[in-house]
Amino acid sequence: MTDEPRVHDASFAANESLWDAWTGIHATGEFYDLDGFRAGGVRLRPDEIEMVGDVTGKTLLHLQCHFGIDTLSWARLGARVTGADFSAAAIDLARSLADDLGFPDAHFVRSNLYDLADALDGQFDVVYTSRGVLGWLPDIRAWAKVVAHFVAPGGTFFITEAHPVMDVFENEGVGPAELRLSYPYWEHADPLRFEVKGSYADPEADVAGTEHAWGHSIGEIVSALIDAGLVVEALVEHPFLDWKVDFLVESPDGKWRLPPDHGPGEIPLMFSLRARKPG
Ligand SMILES: C[S@@+](CC[C@H](N)C(=O)[O-])C[C@H]1O[C@@H](n2cnc3c(N)ncnc32)[C@H](O)[C@@H]1O
C-alpha cells in the first residue's frame with residue numbers, strides 16, 4: 001500500500017513475536033474467557049453493537065482481529081466475517097475456533113495491516129477494529145488509507161479504542177488517579193520501546209519481549225480518515241476503559257474508571273468513531 005512503514009520492519013518483527021507468544025497465553029487465561037465464548041457469548045459492548053447497527057447478512061472485515069473472538073461475535077450477530085492479523089499463531093487459533101464452533105464461512109487472513117490490500121481482495125459493508133490496535137501502528141495516515149480501501153461505497157467504518165489523551169499517562173507502577181504525564185500525544189517517528197514480561201492478560205506468564213509502540217492524536221486519527229475519503233458520522237468519548245491500567249479502578253460493571261473520590265477533573269478514556277464511505 002505504501003513504502004513508508006517499511007522502515008519499521010524490525011519493530012513489526014519484534015511485535016509479531018510478542019503477539020505469537022501472547023496468543024498461547026490468551027487462549028487459556030481468564031481475560032479472554034474463551035470457555036464463555038465457546039458456550040455462545042458475544043464479546044462486544046452493547047454501545048458498539050448499536051453504533052455499528054444491524055449486521056445481518058452484511059460482509060464485515062475485522063482489522064487486527066487477534067484470535068478472532070470479536071470477529072466471530074459479529075458472525076453470531078449475523079455478519080459474514082473476515083478477520084485479519086499479522087500473528088500466525090492468532091490466525092491459526094482463529095481458524096480452528098471457527099472450525100470448532102461451526103463458522104464455515106468465517107475467513108481469516110494473516111497479513112501485516114499495511115500489506116493487507118495485497119493479501120485480501122474485495123470491499124466490505126463494515127470494516128471494524130477495536131481495543132488496543134492503533135498503538136501498534138507507526139503511520140496513522142497509511143492506516144486510514146487501508147481502512148478506506150476496504151470499505152465498500154456506502155459502507156461503514158467503526159473503531160472503539162483507548163483515547164489518545166489517556167495514553168499520554170504512565171499506566172504501570174502508579175496509584176489510582178495518579179496521572180503522570182509520560183508519553184507524546186502526537187505521532188512520532190521513533191517507536192516507544194517497552195521491555196515486557198508476561199502479558200496484559202496474565203502478568204505472571206512466562207513471556208518476555210520488546211514492545212514497539214506509537215501514539216497518534218485524536219485529531220490525527222480523525223483527519224487521516226477524512227483525508228482518506230471517509231465521512232465521520234459520530235465520535236463519542238467514553239469515561240471508561242475496557243481493561244485495567246494502574247491509574248484507574250474497576251467499577252462494579254467491570255469497566256475501569258478514575259476512582260469516585262478523585263475530584264472534579266475528568267479525562268476521556270476511550271473513544272468510538274463511526275464513518276461512512278460515500279456511496
Ligand atoms: C489488543 S489486540 C486487538 C484485538 C482485539 N480487540 C482483542 O482485544 O483481542 C491487537 C492485535 O493487533 C495485531 N497487530 C499488531 N500490529 C499489527 C500489524 N502491524 N499488522 C497486523 N496486525 C497487527 C496483534 O497481532 C494483535 O492481535
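Every value quoted in this text rests on a predicted model; they were computed, and no experiment measured them.
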Residue pair Tyr114, His8: steps toward the ring pair (Phe, Tyr, Trp, His ring centres under 6.0 Å) verdict:
CA-CA 11 Å; Tyr114 292 110; His8 297 294; 8.4 Å; no
For Asp139, is there an ion pair with Arg141 - N to carboxylate O distance below 4.0 angstrom?
no
Hey, does the side chain of Ser73 reach the backbone of Thr71 with a donor-acceptor pair shorter than 3.5 angstrom?
no
Salt bridge or not between Glu178 and Arg180? Use side-chain N to carboxylate O under 4.0 Å.
yes
What I want to check is whether the side chains of Gln64 and Thr129 have a donor and an acceptor closer together than 3.5 Å.
no
Note: Arg6-Asp115 ion pair, threshold 4.0 Å (strictly below):
yes
So which heavy atom on Leu61 is nearest to which on Ala84, and how close?
CD1-CB, 4.5 Å
Check: Lys58 side chain, Ala79 main-chain N or O, donor-acceptor pair, under 3.5 Å:
no
Has Arg110 got a side-chain atom pairing as donor or acceptor with Phe86's backbone, closer than 3.5 angstrom?
yes
Does Phe271 reach the side chain of Val236, with side-chain heavy atoms less than 4.5 Å apart?
no
Side-chain touch Val207/Lys197, heavy atoms, less than 4.5 angstrom
no
Please tell me if the side chains of Val232 and Ile226 come closer than 4.5 Å, counting only heavy atoms from C-beta onward.
yes
Test your reading of the model: is there a side-chain donor-acceptor pair from His188 to the backbone of Asp190, 3.5 Å cut-off?
yes
Aromatic rings Trp19 and Trp136: how do their planes relate, parallel, tilted or perpendicular, breaks at 30° and 60°?
perpendicular
Going by atom types only, do Asp85 and Ser87 share a side-chain donor-acceptor pair under 3.5 Å?
no
Flag side-chain contact, heavy atom, 4.5 Å: Cys65 against Thr82
no
Do the side chain of Asp125 and the main chain of Thr59 share a donor and acceptor less than 3.5 angstrom apart?
yes
Could you tell me whether the side chain of Leu63 reaches within less than 4.5 Å of the side chain of Leu116, counting heavy atoms only?
yes
Would the distance check show the side chain of His62 and the main-chain N or O of Val127 forming a donor-acceptor pair, the cut-off being under 3.5 Å?
no
Side-chain donor or acceptor of His212 paired with backbone N/O of Ala13 under 3.5 Å
no
Would you confirm whether the ring centroid of Tyr183 sits within less than 6.0 angstrom of the ring centroid of Phe194?
yes
Which atom pair, heavy atoms only, marks the closest approach of Ser199 to Ile25?
CB-CD1, 4.3 Å
According to ring-ring contact (aromatic ring centres under 6.0 Å, His included), who are the partners of His238, at least two apart in sequence or on a separate chain?
Phe240
Between Thr160 and Arg45, does a side chain to side chain donor-acceptor pair (under 3.5 Å) hold up when you go through it step by step?
CA-CA 10 Å; Thr160 189; Arg45 291 199 318 261; 3.0 Å; yes
Using modelled atom types and a 3.5 Å cut-off, is there a donor and acceptor pairing between side-chain atoms of Glu187 and backbone atoms of Trp214?
no
Between Ile140 and Ala224, the two heavy atoms sitting closest are O-CB, 3.8 Å
Determine whether Arg95 and Ile91 satisfy the following criterion, side chain to side chain contact (heavy atoms under 4.5 Å, CB included), listing intermediate values before the conclusion.
CA-CA 6 Å; Arg95 286 176 180 151; Ile91 290 299; 3.5 Å; yes
Under 3.5 Å: donor-acceptor pair, side chain of Asn15, backbone of Glu211:
no
Give a yes or no on whether the backbone of Trp256 and the side-chain of Ser251 come within a donor-acceptor separation of less than 3.5 Å.
no
Between Asp100 and Arg38, does any side-chain N to carboxylate O distance fall below 4.0 Å?
yes
Please say whether more than 12 non-hydrogen atoms of neighbouring residues, nucleotides or ligands are located less than 6.0 Å from CD in Glu172.
no
Check whether the ring centres of Phe157 and Tyr128 lie less than 6.0 Å apart, and answer yes or no.
no
CG/Asp261: more than 12 non-hydrogen atoms of other groups inside 6.0 Å
yes
Applying salt bridge (charged side-chain N to carboxylate O under 4.0 Å, His left out), run through Arg131 and Asp242 and close with a yes or a no.
CA-CA 8 Å; Arg131 285 178 275 276; Asp242 283 343; 3.0 Å; yes
